[in-house]
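To start, the structure under review is shown below, and the notes come after it.
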Amino acid sequence: MIHIEILRVNNLSKKYTNGENIFYALKNINFSVKKGEFVAITGKSGSGKSTLLHILSGLDSKDEGEVIIDNQNIFELNDNDLTIFRRKNIGIIYQFYNLLPMLDVKENILMPTLLDKRKVNKKRFNELIKTLDLDNKLDSMPNDLSGGQQQRTAIGRALINRPKILFADEPTGNLDSKNTKKIMKLLEYYNKKFKQTIIMVTHDNALARRCDRNIVIKDGKIIKDEYKKTNKKK
Amino acid sequence: MNIKKLIKRNKRRSIITILGISIASSLILSIGIFFSSFREYMIDTVKREIGDYHVIVKGDIKENSTIKKIKIKDGRNYITFNNIGRVYINTEKICKSKCESITYNDSLLSLYGISKNENILNTYKKIIYFLVISFSVIVFIIIYNSFKVSINTRKRDICLYKLSGCTNYDVYKIIIKESLLLGLIGMVLGFIISLILNTTLINILNSILYEIFNGRLSLKIYLPFIIIPFIFMTLVIVLSSSFPLKNIKKYRPIELFKAKDDIYKSNVKRYKNIPLWLSIINYQRGREKYKSLIICIFISVLSINIFSLTLNYGLKCIEEYVITPDYDLFVNVEGDYNLEKLSEDLKSEKTLIYKSCEYTSHIPKDYYLKESKEKEKLLITNLKNNEIVNKIDLIDDSNKIKHLKQNIFKNLTEIKIDNEDKIIDNLKLTNKIPFGLKGTENIIVNLDEEKFNGICEYYNSNMFIKTKYKGIDNYLENKIKKDELNMTYYNSKKSKEIMNNIVLLVKIALYGICLLIILVMLTSVINITSSSINYRKKEFSSLQSIGLEKKDILSSLFLESLIVSLKGWGYAVPFIFIINKMIFTSIKSVFDFKNMIINLNILIISLILSQILVFISMAISHHNLKEKSLINNIKDI
């Protein structure tokens, strides 16, 4: 089976300056991800894992290095082109859901499709809704939903356009154990069935162990990068 | 809570609030400063033209230390006291009932508000009160909205204060202190701006109306005229910042953990055009907040249009009342005089030279098409062959200005001149008014030379000219002195210039006031829109993260601003028409206006202007969100 490289990170660094002091949030990060991989990025609080995810998804800027998604260096794109690239190729799930509060569940999920001016594929939408168990919540507003329902809506929104890569920033960080299991099952389902590439940041080692690969970050550097099945170090 | 830190943290909003208050203060304080300066000019003028004495007393007087100066002239004592306020008491003291006559300088005393007759000072105070109250109301509404939105957007902060243990009273104190500090800085700045504005205005007045003011108008401050606006402005700031505080009682710490309170299922149908759809949803959910913006736009559109209408009606009244001469110079000499030579010397471009005399006559009612006076004043000239000009300007008995009356006579062929037993016959009616004679109230009768000599025993030689000759006044003054002429002249060019300058000044003043009101509105709009955009920064960034392009965001903001501007403008339009109708009805009774003035262009400009200002303000506020990365805005850091 040929594994296509979907993401490559070369010498990525991000620093913050405070007067004369320079603090590196990330320093010389290098790795690549193949299509269909479910990668966990773990590390202690303040290690730089969320910063890494935000840069990979184009939500934050970098100071040095490259991020190449599907052969496109995302930082060569201007603001508008990056927005369009993100819309077509990237899905993002946040810890605090970040649903649009003025739109209902259906509108929230469909928004990326509408923005892309695509016709809504009703079959795909209905399948998605069913998988996410949101059939009878389509007209509800986000603040009427539980945490788990909101996160499932956010997953729906992230997956509606079948993105090349899905970034998840602590997707279960705000959920109870029951909902955590549900969300993880969903992500695993999409990874297995549709070969959805997922990169997930988590501080929960138990969740990381369920992924194909675990990249450990400490003080802005990768200290460990190993695959689940063979425990092979990269 | 350190107020200075609080203000520094919200630097942009604080600066804009200070700007708004300072512009508003400058508008209100300028009224007092201008009237102070004008009053001082009037006092100076009275002192020059009438005298600086307070009272003229004839008879024996007892001098005492209250008297500053006595000038004796023609047996009368012209007395100036040290304290003008005690002029009556001091006059009684020095007279001790032995004065033959006492005459007070009422012109001067009325300027100090002391005259026992009508006091000009009281009139000035009434005008100041009226203007200050009117502007204060406008400014109050605008600043109140600004503070209201500011408090609403700080709901999270207020909940945090309460969570930390602050009572409602503690929160009031924090916010009032902040408002008063911003207000104080704003008012001090406003005072400085008003001094600059008044200095500029006074320099303009001295320059373009030199003939009236002779450069003697200068910046002066009369404290009572400054205190009134200052008190009003302070009241405006205190009230506009404390009224919105009543909402604070409703804020509970639990609301920190709740979703936003403006989320409800909207009835808006999903449009294919995403920016349009988003703009309608956002307008609907932000209706409460947008009320403040709509009110600002309403007031500004109303002010601009009403000021503009007032100006236009004023100009039309001037046009109706002041007949603009079609000549530059009118010269009048008793008897015969060689006016042709004078016309050549003055390089005339157009001349009319004629002889004239005046009589009264009775023209029977039958000859009039409409109403008539009992006796008519005739201006008899030697201009033409026996014509009566069938058009004159009339001021009727009730002193109403009428238009130029056309075709007032029918079948009038002869006029009997009262008391002289003279008849002018074989006359024909004409509608041609000779050059220069437009605006005369007399009936003009043009006769040939022979008939004229038969009627007018004593006459004047007259000349109307149009000329570009400069220094007409000097030339004529010298000629009159040198040749000892019994000549009078009227330089209408100068009067035209003065009238044009007065009109220009009125335009500058009215549009200047409009501009200041727009600036106050602008600061309020910026505060409201930047608060609104900031409140939604998380949503904007979330939308951008899932693929909403910048052009769509701007389109959505444009449509939102259009909805808001249209609403504010739409509410103002009926009020504009009602006030227009009221102005027209009141003026119509004095001037003969046929139609109401409708300033369609100003109406449209005010809509476009408010739309542009609101949109630009929103777009800039959105652009400023770029200072932080998308993710920081999403996390609401």
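Reminder, nothing fancy here: chain letters follow the sequence lines and each chain counts from 1. Note that the coordinates shown come from a computational prediction; the quantities given were computed from them, not determined experimentally. Both backbone and side-chain heavy atoms feed into the values below; hydrogens, waters and symmetry mates do not.
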Greatest number of non-hydrogen atom pairs under 4.5 angstrom with chain B, of A:D81, A:D169, A:L114, falls to A:L114

Per-residue contact mode, A:D79 against chain B (heavy atom under 4.5 angstrom): side chain

Determine which residues belonging to residues 46-78 of chain A lie within contact range of chain B, meaning some heavy atom pair is under 4.5 Å apart, and list them by number or answer 'none'. A:H54, A:L59, A:D60

Give me the atom names and distance for the closest heavy-atom approach of B:S545 to A:R86. O-NE, 3.2 Å

Taking the side chain as every heavy atom from C-beta outward, state whether A:M111 and B:L543 have any atom pair closer than 4.5 Å. yes

Testing the 3.5 Å rule here: is there a donor-acceptor pair between the side chains of B:S542 and A:Y94? no

Test ring-ring contact (aromatic ring centres under 6.0 Å, His included) applied to B:F540 - qualifying residues, sequence neighbours left out: B:H622

Side-chain donor/acceptor of A:R87 to backbone N/O of B:I546, under 3.5 Å: no

What is the minimum heavy-atom distance between B:I274 and A:L115, and which atoms define it? CG2-CD2, 3.8 Å

CZ/A:F85: more than 12 non-hydrogen atoms of other groups inside 6.0 Å: yes

In Å and rounded to the nearest 0.5 Å, what is the NZ to CG distance from B:K538 to A:N98? 4.5 Å

Has A:K14 got more than 12 heavy atoms of other residues, nucleotides or ligands less than 6.0 Å from its NZ? yes

If every non-hydrogen atom of A:T83 is compared with every non-hydrogen atom of B:Q544, which pair is closest and at what distance? CG2-O, 3.5 Å

To the nearest 0.5 Å, what is the distance between CG (A:N80) and CG (B:D552)? 8.5 Å

Nearest heavy-atom contact between B:L278 and A:M102 is CD2-CE, 4.1 Å

